[in-house]
Amino acid sequence: MIRKQERRLRVGVLGCGPIAQFAHLESCVKAGNADLYAICDAAPDLLARMAATYEPQRRFTDYDEMLADPELEAVIVATSDAYHVPMSIKALEAGKHVLCEKPIGVSIEEGEALARTVEASGKILQVGHMKRFDPALEAARDFVRDDMGEILALKAWYCDSTHRYTNTDAIQPLPVSSKLARRPGGNPKADLRQYFMLAHGSHLVDTARFFCGDIVAVRARLSTRFGAYCWFVETEFANGALGHLDLTVAVRMDWHEGFQLYGENGSVIAKTFNPWYFRASEVDIFHEKDASSRRPLGADGHFFRRQLEGLADTILYGAPMRGADVRDGLASIRAMVAIARSVETGERVALASVTGAV
């Protein structure tokens, strides 16, 4: 049952493509402290279909016109990666808060430009790393923060599956498309190294940072065989912990994602599911002090709605930011660029030394 609060954030969604249809439009409708105030898309047929389904108060084919609406308070940027930074900057400069899909950008320089704009605007920008709102992972993070003590090491993996679409096509509605949709120049999937790192590696890197803090250096290797890409990344964290990250696209098995985290006063083992199942991770938290384990249920697995509600709480009531901010987004770009440079050189790469694009 949807229980709406009296004061709700008025949200506009930019882009009515698959990620908006599968995640963000429904999140606005279901959120207790937010409303779908407006939608915007350059394709009038797609805009009409989504307006008929989700019934926003206003609809726009022009982004500038949506941003000029004084009733609009926040924008969800649900577009292709190439548009994330310029569309977020436009919203911030128009005085709107932003929830931008991940990755926040494709190069360090544009990420830095966005960070400067956020600071100058005084507005809030949250990056769409929705896994931070997985309730079971939140419980694990609380244990790491409050009870684990020093972190020894993290092993984390994100392995997309050759069977992912067989699985998700059975549970997702058919996305509505349009021949009039606006697309970035070139094919984003022309360089699969870059595409897989941005689409999937951004999740893995942010998960590592969510639990272990800042990454200072990496040493990475990449193997490409039979159409599969496998990155093994040796990771150094600022707190002295060691890390091993495995990004593989795609494994010849079911979706395989999770981590093992070893600490002074306990350990965590997590299994994370394909996000479109809207199922919280299975997390086992082991407490050394009494040799016991617990597994939080995490019954509310709508990560996308939860991340919007978290942003709305911060904007409306000044609640602490629970999601990834622009600095987190920039740190993820730095890590992905460093991984790419390490693969090219075979050397250890410090994140502080890198520039350019993934």
Side-chain angles (χ1 to χ4, degrees), residues 1-17 19-79 83-101 104 114 117-128 130 133 176 178 181-182 302 304-323 325-326:
M1 178 182 294
I2 301 172
R3 297 180 179 178
K4 290 283 190 178
Q5 300 176 10
E6 183 175 351
R7 174 69 172 99
R8 301 186 295 275
L9 187 70
R10 294 184 293 274
V11 180
V13 176
L14 173 64
C16 291
I19 189 63
Q21 294 176 39
F22 295 154
H24 297 300
L25 295 170
E26 179 180 86
S27 293
C28 291
V29 173
K30 288 186 174 180
N33 56 2
D35 282 333
L36 181 61
Y37 174 75
I39 59 175
C40 179
D41 199 282
D45 54 342
L46 183 58
L47 185 69
R49 289 281 298 275
M50 294 303 105
T53 301
Y54 292 100
E55 299 182 321
Q57 294 184 45
R58 303 203 63 188
R59 68 178 83 173
F60 299 90
T61 55
D62 185 276
Y63 186 43
D64 291 330
E65 289 183 10
M66 184 171 80
L67 293 178
D69 188 329
E71 295 298 309
L72 180 71
E73 296 176 288
V75 172
I76 297 176
V77 177
T79 62
Y83 297 132
H84 286 178
V85 168
M87 297 300 102
S88 294
I89 287 177
K90 271 196 168 191
L92 293 164
E93 291 179 340
K96 315 300 181 185
H97 304 283
V98 175
L99 171 58
C100 182
E101 259 299 333
I104 195 60
L114 179 58
T117 304
V118 171
E119 184 175 358
S121 71
K123 297 299 176 180
I124 294 167
L125 181 140
Q126 182 173 301
V127 187
M130 83 295 176
F133 292 86
V176 179
S178 170
R182 182 173 297 170
H302 203 304
F304 294 97
R305 192 207 79 246
R306 287 169 56 86
Q307 77 171 350
L308 175 58
E309 289 176 336
L311 175 66
D313 277 343
T314 299
I315 294 170
L316 296 176
Y317 309 115
M321 184 85 155
R322 294 167 53 208
D325 62 18
V326 69

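In this text, all values refer to a predicted model and were calculated from it rather than measured experimentally.
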Nearest heavy-atom pair of M66 and I39: which atoms, and what distance?
SD-C, 4.2 Å

Tell me whether the count of non-hydrogen atoms from other residues, nucleotides or ligands lying under 6.0 Å of CZ in R8 goes above 12.
yes

Give the minimum heavy-atom separation between V176 and L46, together with the two atoms involved.
O-CD1, 3.5 Å

Show the nearest heavy-atom pair for residues V11 and L72, with the distance to one decimal.
C-CD1, 3.7 Å

Give a yes or no on whether the backbone of L36 and the side-chain of Y54 come within a donor-acceptor separation of less than 3.5 Å.
no

Considering all heavy atoms, the nearest M87-Y63 contact
O-OH, 2.8 Å

With heavy-atom distances below 4.5 Å as the criterion, would you say the side chains of L14 and Y83 are in contact?
no

Starting at CG of L47, measure out to CZ of F60 and round the result to the nearest 0.5 Å.
10.0 Å

All heavy atoms of A181 vs all of A43, minimum pair found to be N-CB, 3.9 Å

Listed partners of R3 passing salt bridge (charged side-chain N to carboxylate O under 4.0 Å, His left out), at least two apart:
none

Look at the side chain of R10 and the backbone N and O of E71, then say whether any donor-acceptor pair between them is shorter than 3.5 Å.
yes

Verdict with reasoning, L114 to I89, per side-chain contact (heavy atoms from CB on, under 4.5 Å):
CA-CA 6 Å; L114 179 58; I89 287 177; 3.7 Å; yes

Euclidean distance, Q126 CD relative to R322 CZ, rounded to 0.5 Å
9.0 Å

Evaluation steps, side-chain contact (heavy atoms from CB on, under 4.5 Å), between D64 and K90
CA-CA 8 Å; D64 291 330; K90 271 196 168 191; 3.0 Å; yes

Sub-3.5 Å donor-acceptor pair from the side chain of Q21 to the main-chain atoms of C16, do we have one?
yes

Backbone of E101 reached by a side-chain donor or acceptor of H84 within 3.5 Å:
yes

Distance from R59 atom CZ to C40 atom SG, nearest 0.5 Å?
12.0 Å

If we check side chain to side chain contact (heavy atoms under 4.5 Å, CB included) with L25, which of these qualifies: T53, I76, V13?
V13

Show the atom names and distances, to 0.1 Å, of all donor-acceptor pairs under 3.5 Å that link a side chain in residues 305-318 to residues at least two apart or in another chain.
| residue | atom | partner | partner atom | Å |
| --- | --- | --- | --- | --- |
| R305 | NE | E309 | OE1 | 3.3 |
| R305 | NE | E309 | OE2 | 3.1 |
| R305 | NH1 | D300 | OD1 | 3.2 |
| R305 | NH2 | D300 | OD2 | 2.6 |
| R305 | NH2 | E309 | OE1 | 3.3 |
| R306 | NE | F133 | O | 2.7 |
| R306 | NH2 | E138 | OE1 | 2.3 |
| E309 | OE2 | G32 | N | 2.9 |
| D313 | OD1 | N33 | ND2 | 2.9 |
| T314 | OG1 | G310 | O | 3.2 |
| T314 | OG1 | A319 | O | 3.1 |
| Y317 | OH | Q5 | OE1 | 3.1 |

Candidate list V77, I19, V29, test side chain to side chain contact (heavy atoms under 4.5 Å, CB included), partner H24, passing option:
I19

Please answer whether the main-chain N or O of K30 pairs with a side-chain N or O of K4 as donor and acceptor at a distance below 3.5 Å.
no

Using side-chain contact (heavy atoms from CB on, under 4.5 Å), reason through K96 and L67 one step at a time and then give a plain yes or no.
CA-CA 8 Å; K96 315 300 181 185; L67 293 178; 4.0 Å; yes

Nearest heavy-atom contact between V85 and I104 is CG2-O, 3.2 Å

